[in-house]
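Below, all heavy atoms of this structure are taken into account, side chains as well, without hydrogens, waters or symmetry copies. Every value quoted in this text rests on a predicted model; they were computed, and no experiment measured them.
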Amino acid sequence: MRLKVSEIVTACKGELLTGALTDVTVTSVCTDTRKITRPNGKSGALFIPLLGESADGHDFIYNAFESGAVATLTERRDLPVISQIVYPIIYVPSTYQALMDLAFYYRRLHNVMVVAVTGSAGKTTTKEMIASILAQRYKTKKTPKNYNNHIGLPLSVFQLEPDDEAIVLEMGMNHANEITALSKVGAPDIAVITHIGDAHIENFADREGILRAKLEIVDGLRHGGTVVLNGNDPLLTGPVAAEKTRSFTVRYPGAENIVSAEPCGLDGTRCRFRIDGQVMDITVPLPGDHMVMNALLAAAVGIEAGLTPREIADAFTKLNVPDGRLSIIQTHGMTIINDAYNANPDSMREAIKVLMREESASRRICILGDMNELGHVSKERHYELGAFAADAGVDYLVTIGPMSVETNNGFLKNRPLSVNHSYFPDVDGFLPYVRGFIQAGDFILVKASNSMAFDRIINELTKEGETE
């Protein structure tokens, strides 16, 4: 990145309050002073202070300059630091909006192929698959981790360099109109929607409301762009989606494109896809039927982007999905399926299916926690999950969290005489017991919404020392 202060002022619709050194060049954008580094003097960072739930970034403007920043935005004119700094301080009405406006400007400086991905489940994994495919031919950037909101997406865009040829942007939402703003910043050439489920339904009346919010991804899609929709999802193949996407080219990869899919246990699935008459043999290195659909959507993007079946297949041999998404850990004679990064009803059921396919396990254990943002359907969905686990034949169920008591209740309703269950209000209550009942030969699924901090359970299970 190389932006002049004058460009930033114009892009952010700002006002230069002070700064004797207005000819400085900004080479990065940062919202956290702890991440500003300066290996050779000044870092070149533009600091954008944001008002958070627990802190106001404006309180750290002086620290930002001490750490090496060369310019800052502010939505407060009355800061004492303004008179103490020789570097540019730019006033904007909203630093959040300025962050988006600057990303909008910066995105349009780069002639790159942009693929945008959203969905109730599978968007991060699908993003990783698409990025791996495009990287076979193009210099490609991608959303780091799950930087998919009004802060993370602009920071993802700021990664772009002059020689980049493609970027894959993940777009998430909690409310209507959020993805519209993200899509207009990203201006994608290809938009992908993986699935419509109950994730974030607390802010919507029903799944159709979620569908409409996800379809906002086409609001910034370029004229003549392509939309890739899960052809097995009835909402995405229904009239609402058809109306919203009618001015674009629409692809519906689905069951008819899957020639074969042979599960290979926890090693993944061997697949044969046929897309536009082209056949590709792919080993999806992640277990679960839902991963096959994610891979099919990614492969369809690859075909749309001009890659060959061989290039697409090779990309899956290099796929590196972040920990916590069906990661397999072998430790102390047991096997852990670490899917603790996030959870919703659909992904919970799919993960349980993966576990229950392991017939060699001495016991198949589920350690499940709360699924957040389900609002008015939360109690019902947690109860249904417990019933599903009972019907699936789970050998032992551990439930953790205030809503997961309903998961426990659903399990008992369908298996009333079972003693193979435990409930804990929180992770702290469970940790002292976890290594006591786990045995060599067990297969253990660990899954909950990220805020439940189930990574602490993973750490306890994998730490040095024998299980009891």
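The backbone N or O of Thr143 sits less than 3.5 Å from a side-chain atom of Lys127, completing a donor-acceptor pair. Not one N or O on the side chain of Asp346 forms a donor-acceptor pair closer than 3.5 Å with the backbone of Gly197. In this structure, the side chain of Tyr147 does not engage the main chain of Pro154 through any donor-acceptor pair within 3.5 Å. Ser347 places a side-chain N or O within donor-acceptor distance of the main-chain N or O of Asn344, the cut-off being under 3.5 Å. At distances below 3.5 Å, not a single donor-acceptor pair connects side-chain atoms of Asn146 with backbone N or O atoms of Asn148. Remark: the backbone N or O of Glu128 is not paired with any side-chain donor or acceptor of Ser132 at under 3.5 angstrom. Distance alone, capped at 3.5 Å, places no donor-acceptor pair between the Ser449 side chain and the Asn342 backbone. Checked by atom type and distance alone, the side chain of Glu262 never pairs as donor or acceptor with a backbone atom of Cys271 at under 3.5 Å. Between the Lys139 side chain and the Ala166 main chain, no donor and acceptor come within less than 3.5 Å of each other. Between the side chain of His195 and the backbone N or O of Gly122 there is no donor-acceptor pair closer than 3.5 Å.
In this structure the side chain of Val114 reaches within 4.5 angstrom of the side chain of Val112, judged on heavy atoms. For the pair Val228/Pro253, a side-chain contact is recorded, criterion being any heavy-atom separation below 4.5 Å from C-beta on. Taking the side chain as every heavy atom from C-beta outward, Glu358 and Thr335 never approach each other to under 4.5 Å. Using a 4.5 Å heavy-atom cutoff, the side chains of Met280 and Ile303 are in contact. With contacts defined as side-chain heavy-atom distances shorter than 4.5 Å, the pair Ile457/Val427 qualifies. Looking only at side-chain heavy atoms (C-beta outward), Ile365 and Leu445 stay at 4.5 Å or farther from each other. Annotation: side chain of Lys4 is not in contact with side chain of Ile8 (no heavy-atom distance under 4.5 Å). A 4.5 Å side-chain heavy-atom check between Arg251 and Ile275 finds at least one atom pair inside the cut-off.
Looking at Asp281 and Arg270, no side-chain N of the basic residue comes within less than 4.0 Å of a carboxylate O on the acidic one, giving no salt bridge. Between Arg456 and Glu460 there is no salt bridge, since no side-chain N of the basic residue sits under 4.0 Å from a carboxylate O of the acidic one. Taking 4.0 Å as the cut-off between side-chain N and carboxylate O, Glu161 and Lys141 count as a salt-bridged pair. A salt bridge is defined here as a Lys NZ or Arg NE, NH1 or NH2 lying under 4.0 Å from an Asp or Glu carboxylate O, and Asp289 with Arg357 meets this definition.
Of the N and O atoms on the side chains of Asp164 and His110, not one donor lies less than 3.5 Å from an acceptor on the other residue. No hydrogens or angles considered: a donor-acceptor pair under 3.5 Å links the side chains of Ser451 and Asn372. For the 3.5 Å distance criterion, the side chains of Asp219 and Thr180 qualify, holding a donor opposite an acceptor. Between the side chains of Asp370 and Ser404, at least one donor-acceptor pair of N or O atoms lies under 3.5 Å. Side chain to side chain, Asn174 and Glu178 fail the donor-acceptor criterion of an N or O pair below 3.5 Å. A donor-acceptor contact under 3.5 angstrom links the side chains of Glu7 and Tyr105, judged on distance only. Side chains of Lys318 and Gln136: a donor on one and an acceptor on the other come within 3.5 Å. Side chains of Thr124 and Glu170: a donor on one and an acceptor on the other come within 3.5 Å.
Of all the heavy atoms in Ile61 and Pro49, the pair that sits closest is CD1-CG, 4.2 Å. Shown here for Ala392 and Ile352, the closest heavy-atom pair between the two residues is CB-CG2, 4.0 Å. Annotation for Arg364 and Leu355: closest pair CD-O, 3.6 Å, computed over non-hydrogen atoms. Listed here is the closest heavy atom pair of Ile193 and Gly119: CG2-CA, 4.4 Å. The two residues Ala448 and Ala343 come nearest to each other via the heavy atoms C-CB, 3.4 Å. Among all heavy-atom pairs drawn from Gly254 and Leu296, the shortest one is O-CD2, 3.4 Å.
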*Do Val250 and Tyr252 pass the side chain to side chain contact (heavy atoms under 4.5 Å, CB included) test, and can you show the C-alpha distance, the side-chain angles, and the key distance before you say yes or no?*
CA-CA 7 Å; Val250 185; Tyr252 295 100; 3.4 Å; yes
Using side chain to side chain contact (heavy atoms under 4.5 Å, CB included), reason through Ile328 and Ile336 one step at a time and then give a plain yes or no. CA-CA 6 Å; Ile328 308 303; Ile336 302 169; over 6 Å; no
**OP:** Dump the intermediate steps for salt bridge (Lys or Arg N to Asp or Glu O under 4.0 Å) on Glu216 and Arg212, then the final yes or no.
**Re:** CA-CA 7 Å; Glu216 291 171 15; Arg212 292 181 185 278; over 6 Å; no
Could you walk me through whether Val117 and Val301 pass the side chain to side chain contact (heavy atoms under 4.5 Å, CB included) test, one step at a time?
CA-CA 11 Å; Val117 184; Val301 171; over 6 Å; no
* Take Val259 and Val279 through the side chain to side chain contact (heavy atoms under 4.5 Å, CB included) test and state the conclusion after the steps. => CA-CA 9 Å; Val259 178; Val279 177; 5.6 Å; no
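Summarising the local packing, CG of Asn320 is surrounded by 12 or fewer heavy atoms from other residues, nucleotides or ligands at distances under 6.0 Å. Under a cut-off of 6.0 angstrom, the local environment of CZ in Arg222 is crowded, with over 12 non-hydrogen atoms contributed by other residues, nucleotides or ligands. Residue-environment remark: CD (Glu359) stays at or below the threshold of 12 foreign heavy atoms within 6.0 Å. Counting non-hydrogen atoms of other residues, nucleotides and ligands closer than 6.0 Å to CG of Asp163 gives a total above 12.
None of Thr95, Val5, Thr74 except one satisfies the side chain to side chain contact (heavy atoms under 4.5 Å, CB included) rule with Ile90; the exception is Val5. Between Phe316 and the choices Leu286, Thr283, Ile133, the side chain to side chain contact (heavy atoms under 4.5 Å, CB included) rule is met once, by Ile133.
Rounding to the nearest 0.5 Å gives a distance of 7.5 Å between CZ of Phe454 and CG of Leu368. With rounding to the nearest 0.5 angstrom, the CG atom of Leu99 is 6.0 Å from the CG atom of Leu155. We find the OG1-CG distance between Thr125 and Leu326 to be 7.5 Å, quoted to the nearest 0.5 Å. Between Asn111 atom CG and Glu165 atom CD the span is 10.0 Å, to the nearest 0.5 Å. Atoms NZ and CD1, on Lys214 and Ile179 in that order, are 4.5 Å from each other to the nearest 0.5 Å. Between Ile312 atom CD1 and Met129 atom CE the span is 13.0 Å, to the nearest 0.5 Å.
Applying the ring-ring contact (aromatic ring centres under 6.0 Å, His included) test to His290 and every residue at least two apart in sequence or in another chain returns nothing.
Between His150 and Tyr96, the ring planes are tilted. Angles from 30° to 60° get that label.
Both cation-pi conditions hold for Arg108 and Phe104: the charged atom is under 6.0 angstrom from the six-membered ring centre and inside a 45 degree cone around its axis.
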